[in-house]
Number of protein chains: 2
Amino acid sequence: MKPDTVIKEELIIETALRRFVHFGFGKTTFSEIAKDLGISQQNLYYYFPDKKSLVSKAVANVMSCFLEVMQAKINSTGDLADKLVGMIEVKESFFEKYFMLAVERPYEVQYERDELLEILRKAENRQTELVLAEFERAMKKGEIKKQDPVKAATPLLKALTAMQGDYRNMHVVPDHKSIHALFDTQKALIAIYVSGLKNFQAPCNN
Amino acid sequence: MKPDTVIKEELIIETALRRFVHFGFGKTTFSEIAKDLGISQQNLYYYFPDKKSLVSKAVANVMSCFLEVMQAKINSTGDLADKLVGMIEVKESFFEKYFMLAVERPYEVQYERDELLEILRKAENRQTELVLAEFERAMKKGEIKKQDPVKAATPLLKALTAMQGDYRNMHVVPDHKSIHALFDTQKALIAIYVSGLKNFQAPCNN
DNA sequence: TTTTGACTTTTAAATTAAAAAGGTCAAATA
DNA sequence: TATTTGACCTTTTTAATTTAAAAGTCAAAA
């Protein structure tokens, strides 16, 4: 693949993303994207074998950017609560910009073993890994009690994911105020939860 | 209203509930309920002016029973975490029995200012009140740091509600194992969260 | 007071037709 | 050879129409 082609691919993704972010995957057609680019619909097929692959690539771009920013935030100084709250803030900024992509996730659920779902799953796993690593670090530093990091982190992760999911499942476009309220609640939850881990040892019920 | 009629109404509700629990509101017809009772469909209209009111009364019965059991559980001895975990256990036992009613909540959402939604909202509010009362009690007893009980309880309540919502929104019938896992996670969350409130003072950001 | 038969209205499910979007390929262009 | 398009086909959505079933009414019988 020549660099020329790569540049064009990136241009296509960029253009498509603008529509995806505004209207969602379902309400964006291939021919609309082509029109935006000033090329024929069929020509798009030269660069992307089908719509799904364009959607996947676009989402992959966003997610890799997201993970990069999140990684950077985590590398900055602060204790466990600071870092987790920082992650929430990164999430909030991306959610504001790209919530349409998040909302449309259920729309794509039917595809099951989809490339797109795989990308989202991987991003989710990566976030979990990052959180777990921070939990371990905090334990080593003595910030929180030493214990199984998975057991310590899972309830929080599940809660945060579920709270996020509330917004995906309300099919109305959420307003900025209620989005902000959600993330604020998440931050409050983190503060109390992490404080709890400072003197709480989960019981070993194997 | 004569006691005779009341008894019959209760019988109808009982019979209808058996179908609602198994098939849901949407897939239970008025004539089926009538057939179960050995009366004509039109006769049902003598006791209930429409289907909605039968559904509402049935759900109200379940909810009042639920709140009664929950109240009893809370009155039993134990610290804040014990009581909250007890509440989760009550929730689990009712969810196992009546999850179909919970699942169908979205189905009824369209009715907006519905009697049924009002009943569910009231039950939800009552639970919140119970939890808040326990938070205040725990503060007075010195179990957790003194602070605004609403601010202390809200993140936990939101998290628990959202986690519950996950199951309402998966349109597949959930299996017992994953239901149990959900409630287990909720219990773990509570344990750590309450522990956190023992030495955590939420910042006053007015 | 309670029950039902005969009826109307409303809502949900199935069918079909039309339109739109997705996708292919061979030929033209550069 | 890499890129682009015209002509064409297939699949998916959407809208319109019908059909069946459930909800609901009411006067009259038990």
Side-chain angles (χ1 to χ4, degrees), chain A residues 1-13 15-20 22-59 104 106-112 114-116 171, chain B residues 1-13 15-20 22-59 103-104 106-116 171:
Chain A
M1 229 185 261
K2 279 185 190 162
D4 235 31
T5 305
V6 173
I7 287 169
K8 190 133 197 188
E9 268 184 23
E10 275 163 14
L11 178 67
I12 292 170
I13 287 173
T15 307
L17 210 41
R18 231 172 281 147
R19 272 192 185 269
F20 290 155
H22 198 90
F23 301 107
F25 308 127
K27 291 197 185 279
T28 299
T29 72
F30 229 54
S31 57
E32 283 171 337
I33 297 166
K35 231 179 273 165
D36 287 352
L37 288 157
I39 63 173
S40 70
Q41 187 197 168
Q42 302 89 310
N43 195 12
L44 260 186
Y45 284 97
Y46 178 75
Y47 297 96
F48 296 91
D50 51 29
K51 190 183 174 185
K52 274 207 281 189
S53 75
L54 174 52
V55 167
S56 296
K57 285 249 172 69
V59 171
E104 278 225 314
Y107 164 85
E108 301 283 331
V109 158
Q110 40 189 318
Y111 291 90
E112 267 305 336
D114 203 20
E115 206 181 333
L116 176 59
H171 297 293
Chain B
M1 228 186 262
K2 280 184 191 163
D4 235 32
T5 305
V6 173
I7 286 169
K8 190 131 196 192
E9 267 184 24
E10 275 163 14
L11 178 66
I12 291 171
I13 288 174
T15 307
L17 211 40
R18 231 171 280 145
R19 273 194 184 268
F20 290 154
H22 198 91
F23 301 108
F25 308 127
K27 290 196 186 280
T28 299
T29 73
F30 231 54
S31 58
E32 282 171 336
I33 296 166
K35 231 179 272 163
D36 287 352
L37 288 156
I39 61 172
S40 72
Q41 186 197 165
Q42 300 91 312
N43 195 12
L44 259 186
Y45 283 97
Y46 179 74
Y47 296 97
F48 295 92
D50 50 30
K51 189 183 174 184
K52 274 208 280 189
S53 74
L54 174 53
V55 168
S56 295
K57 284 249 172 69
V59 171
V103 166
E104 279 225 314
Y107 162 85
E108 302 283 331
V109 158
Q110 40 188 317
Y111 291 91
E112 268 305 336
R113 270 272 133 217
D114 204 19
E115 206 182 333
L116 176 60
H171 298 292

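Per chain, numbering begins at 1; letters A, B, ... match sequence-line order.
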Give the intermediate values and the outcome of side-chain contact (heavy atoms from CB on, under 4.5 Å) for residues A:Leu54 and A:Ile33. CA-CA 11 Å; A:Leu54 174 52; A:Ile33 297 166; 3.9 Å; yes
Among D:dG24, C:dG23, C:dT4, which is the nearest nucleotide to the side chain of B:Ser40? C:dT4
What's the CZ-P distance between B:Phe23 and D:dA22, to the nearest Å? 13 Å
Which residue, B:Thr28, B:Asp36, B:Thr29, forms the side-chain hydrogen bond (donor to acceptor under 3.5 Å, both in side chains) with B:Arg19? B:Asp36
Whole-Å distance, B:Phe25 CZ to D:dA22 C1', equals 17 Å
Any side-chain N or O of B:Asn43 under 4.0 Å from OP1/OP2 of C:dT2? no
Calculate, to the nearest 0.5 Å, the distance between atoms CZ and CZ belonging to A:Arg18 and A:Phe23 respectively. 12.5 Å
At what distance, to the nearest 0.5 angstrom, does CG of A:Leu17 lie from CD1 of A:Ile12? 13.0 Å
Counting C-beta onward and ignoring hydrogens, is there a side-chain heavy-atom pair between A:Lys52 and A:Leu116 closer than 4.5 Å? no
To the nearest Å, how far apart are B:Lys27 NZ and C:dT11 P? 19 Å
Interatomic distance, B:Lys52 NZ vs D:dA22 P [rounded to whole Å]: 19 Å
A:Tyr45 vs A:Phe30 aromatic rings, parallel, tilted or perpendicular, using cut-offs 30° and 60°? tilted
Compare the minimum distances between each of D:dG6, D:dC26, D:dA23 and the side chain of A:Gln42, then state the nucleotide with the smallest one. D:dG6
I need the B:Lys8 NZ to B:Leu37 CG distance, nearest 0.5 Å. 7.5 Å
Using side-chain heavy atoms (C-beta onward) and a distance below 4.5 Å, is A:Ile13 in contact with A:Phe48? yes
Bend angle of the helix from C:dT1-D:dA30 to C:dA30-D:dT1, from helix axes over five pairs at each end, nearest 10°: 30°
Considering only heavy side-chain atoms of A:Tyr47, the closest of D:dT3, C:dT1, C:dA21 is D:dT3
Rounded to whole Å, the CD-P distance (B:Glu9 to C:dT3) equals 12 Å
Spacing of A:Phe48 atom CZ relative to C:dA21 atom P, expressed in whole Å: 20 Å
Among C:dT4, C:dA21, D:dA23, find the nucleotide with the atom closest to the side chain of B:Ile39. C:dT4
Write down the distance between OH (A:Tyr45) and P (C:dA26), rounded to a whole number of angstrom. 17 Å
I want to check one thing: is the phosphate of D:dT3, taken as OP1 and OP2, less than 4.0 Å away from some side-chain N or O of A:Thr5? yes
Picking from D:dG24, C:dC25, C:dG5, which would you name as closest to the side chain of B:Gln41? D:dG24
Counting only side-chain nitrogens and oxygens, does A:Lys8 get under 4.0 Å of the OP1 or OP2 atom of D:dT4? yes
Atom CG of A:Leu54 and atom P of C:dG22 are separated, to the nearest Å, by 10 Å
Closest of D:dT3, D:dG24, D:dG6 to the A:Tyr46 side chain is D:dT3
Could you check whether A:Phe30 gets within reach of a base, just the sugar-phosphate, or nothing at all, counting any heavy atom under 4.0 Å? sugar-phosphate
